[in-house]
Amino acid sequence: MSAAPHGCSNDTTLQTCSEESSGPLAEIIIPCVLVLSTVLVVGLIFCLLHKSKQRSQSVSAHFTNSQQTVSLSAASVSTPKVWAALLPWEIPEECVLQGLEFWQTGRLGPICKGLLKKRDGVSSAVVVKSLQDGPNQTETKEFVEWVIFHATVCKHENVVRMLYCQTKHLPRCLILEACSPGNLLHFLWSLRNRDSNSVDSSPNLSERSVFLIAKQVAAGLDYLMSEHRLVHGDVAARNILIGPGLAARVSGLGVAFEGRRMDPAIRQRAAEVPLKWQAPERIMMQLSIDRSDVWSFGILLYELITLGSPPYPELDPLSVLPKLQGSYRMKRPVNCGGPLYDLMKYCWMWSFKDRPPFSAIIKLLDSSLHLASTTKICVPEVIDISEYNRRAGLPSELHVLPNIPKPD
């Protein structure tokens, strides 16, 4: 037998040869792979950071031109894009705000009530939300965003109406139309406390009236979602305005405004909605979608038909979710007909996919209107506000709101 050639031809020597030859190769390949993978990971991280930065800046993109960021300092907000957006809304020189009285403190400054007087002498009741004077550029920028938000969104007959703003002069303010009687929850309470022989001109409320108010609220919420992809986030009687002829307007848009922004602190503030009005997915996962508003709308129906009773009156706020998980739902109120209660339960389906959209709710309210009772709703219990706030899980200051002045 001839000796094996030097090239390592048999099996035993093949393994040895492979080990010897792969050593230098492995020393080259492995570091290359490590370097390449490190470069890929670093590149991916930079890509994610860049996308995150883009998202955080998207909210204020309309305040930025192609060359520089728009300055919204206390000295001026009259940059081209801001000016173009706000100019049609600036309060005319012939309009005068009169009789302004402090109402409550907003997050960015005082909120006042008063009258807006025009050159022809006609006055109308208004709510004025002002920016607290000061050099805080962040708050100034946020306030201007808030004004532009209203200018963009408040274009439906069932959404609170923006009248004017003032950004060229101090104090900067947002002027909203006030309604009379005003706050829906207070209106419902006033119907409870009214003597049956009272000469008060306020209309009585029947189940049919509930249908009509609810249809307007649903139309306003449907508009916010269909036209602006906005989830209201705090649907409740306290955030609905009621005007002459039971005309209803959706108000309280602060959560909707804050909810579309990316700042975690702002999202946290937006999540601070009383538990008894929140859908299960909102409580558990802070998932806020249009069908979450539908759940809250069902609670609003309960408020309407009970003339402002707190939801789940027998439950502590923290015990509501466990009960809901066990298929608990509020019982049918005394003055509530079958079709209205069926709609409430439809809104309170556990899975948000099973709840109706607002467009379907409007049709259901229309088709069932002829079945609604026209008898005056009577709820004998008088509301104690402190007790209501406790049972509803609301801060006591939320409802200390004086009446809006009536126009001349």
Side-chain angles (χ1 to χ4, degrees), residues 183-189 205 207 210-211 213-218 220-222 224-225 231-242 248 250-252 255-256 271-284 287-325 327-337 339-352 354-358 361-362 364-365 377 379 383 388-395 398-399:
N183 183 286
L184 175 59
L185 183 58
H186 297 170
F187 172 67
L188 296 173
W189 289 350
L205 206 71
E207 188 184 32
V210 169
F211 273 68
I213 294 173
K215 180 182 173 183
Q216 296 176 76
V217 174
L221 294 171
D222 183 55
L224 291 177
M225 173 51 59
V231 176
H232 184 280
D234 196 7
V235 178
R238 62 183 174 271
N239 287 323
I240 305 299
L241 297 176
I242 199 78
V250 175
S251 181
V255 174
E272 294 173 356
V273 176
L275 287 175
K276 289 193 172 187
W277 278 263
Q278 290 191 38
E281 67 274 5
R282 183 99 182 268
I283 300 174
M284 295 187 295
L287 175 63
S288 187
I289 55 177
D290 60 328
R291 304 302 168 89
S292 303
D293 276 354
V294 169
W295 178 287
S296 304
F297 180 81
I299 303 294
L300 170 63
L301 294 177
Y302 177 87
E303 292 183 277
L304 284 165
I305 201 65
T306 61
L307 297 186
S309 291
Y312 311 102
E314 71 285 1
L315 298 180
D316 180 83
L318 294 179
S319 66
V320 170
L321 181 60
K323 295 286 286 185
L324 295 176
Q325 290 174 316
S327 301
Y328 174 85
R329 298 295 184 270
M330 283 189 285
K331 297 179 180 178
R332 176 175 163 180
V334 174
N335 299 287
C336 184
L340 183 60
Y341 186 55
D342 287 342
L343 178 55
M344 290 183 194
K345 292 187 293 182
Y346 196 5
C347 294
W348 298 334
M349 297 294 287
W350 178 264
S351 173
F352 62 83
D354 295 331
R355 299 172 206 153
F358 282 112
I361 288 175
I362 295 170
L364 287 171
L365 289 167
I377 298 174
V379 178
I383 284 288
Y388 173 89
N389 290 336
R390 186 188 68 80
R391 291 165 67 185
L394 299 178
L398 192 59
H399 297 306

Any donor-acceptor N/O pair, R329 side chain to K345 backbone, under 3.5 Å
no
> Can you check whether V250 reaches I240 side chain to side chain, under 4.5 Å on heavy atoms?
Replying inline: yes
Practice task
Could you give me the CA-CA distance, side-chain angles and deciding distance for I383 and L188, then say whether side chain to side chain contact (heavy atoms under 4.5 Å, CB included) is met?
Solution key: CA-CA 10 Å; I383 284 288; L188 296 173; over 6 Å; no
When every non-hydrogen atom of P317 is compared with those of G393, the smallest separation belongs to CG-CA, 3.8 Å
* Is there a donor-acceptor pair closer than 3.5 Å between any side-chain N or O of R238 and the backbone N or O of H186? -> no
| query | Judged by atom type as modelled, is there a donor-acceptor pair below 3.5 Å linking the side chain of R291 to the main-chain atoms of A279? | reply | no
- [ ] Could you check if a side-chain atom of L221 sits within less than 4.5 angstrom of a side-chain atom of I361, using non-hydrogen atoms only?
- [x] no
So CD1 of I289 and CE of M225: to nearest 0.5 Å the spacing works out to 8.5 Å
When rounded to the nearest 0.5 Å, the distance separating CG of D342 from SG of C347 is 11.0 Å
Backbone of F352 reached by a side-chain donor or acceptor of E281 within 3.5 Å = no
The reported gap from CG in L185 to CG in L394 (rounded to nearest 0.5 angstrom) is 8.5 Å
Got more than 12 heavy atoms from elsewhere within 6.0 Å of NZ, K276? yes
When V334, L307, I305 are each screened for side chain to side chain contact (heavy atoms under 4.5 Å, CB included) with V379, the one that passes is L307
* Applying side chain to side chain contact (heavy atoms under 4.5 Å, CB included), run through I213 and I242 and close with a yes or a no. => CA-CA 9 Å; I213 294 173; I242 199 78; 4.0 Å; yes
Q. Would you find a donor on one side and an acceptor on the other, under 3.5 Å apart, between the side chain of D293 and the backbone of H232?
A. yes
Q | Side chains of Y312 and K323 in contact at under 4.5 Å (non-hydrogen atoms) | A | no
Q. Is any side-chain heavy atom of N335 less than 4.5 Å from a side-chain heavy atom of I377?
A. yes
dist L365:CG -> F358:CZ (nearest 0.5 Å) comes out at 10.5 Å
Show which side-chain atoms of residues 294-303 pair as donor or acceptor with protein atoms under 3.5 Å away, not counting sequence neighbours.
residue : atom : partner : partner atom : Å
W295    : NE1  : Q278    : O            : 3.4
S296    : OG   : W277    : O            : 2.6
S296    : OG   : S292    : O            : 3.4
E303    : OE1  : A237    : N            : 3.0
E303    : OE1  : W277    : NE1          : 3.1

Taking every heavy atom of P313 against every heavy atom of R391, the minimum-distance pair comes out as CB-NH2, 3.0 Å
One should read off an interatomic distance between N183 CG and N239 CG, to the nearest 0.5 angstrom, of 8.0 Å
NZ of K215 to CG of D222, rounded to nearest 0.5 Å, is 12.0 Å
Nearest heavy-atom approach of S288 to V231 is OG-CG1, 3.4 Å
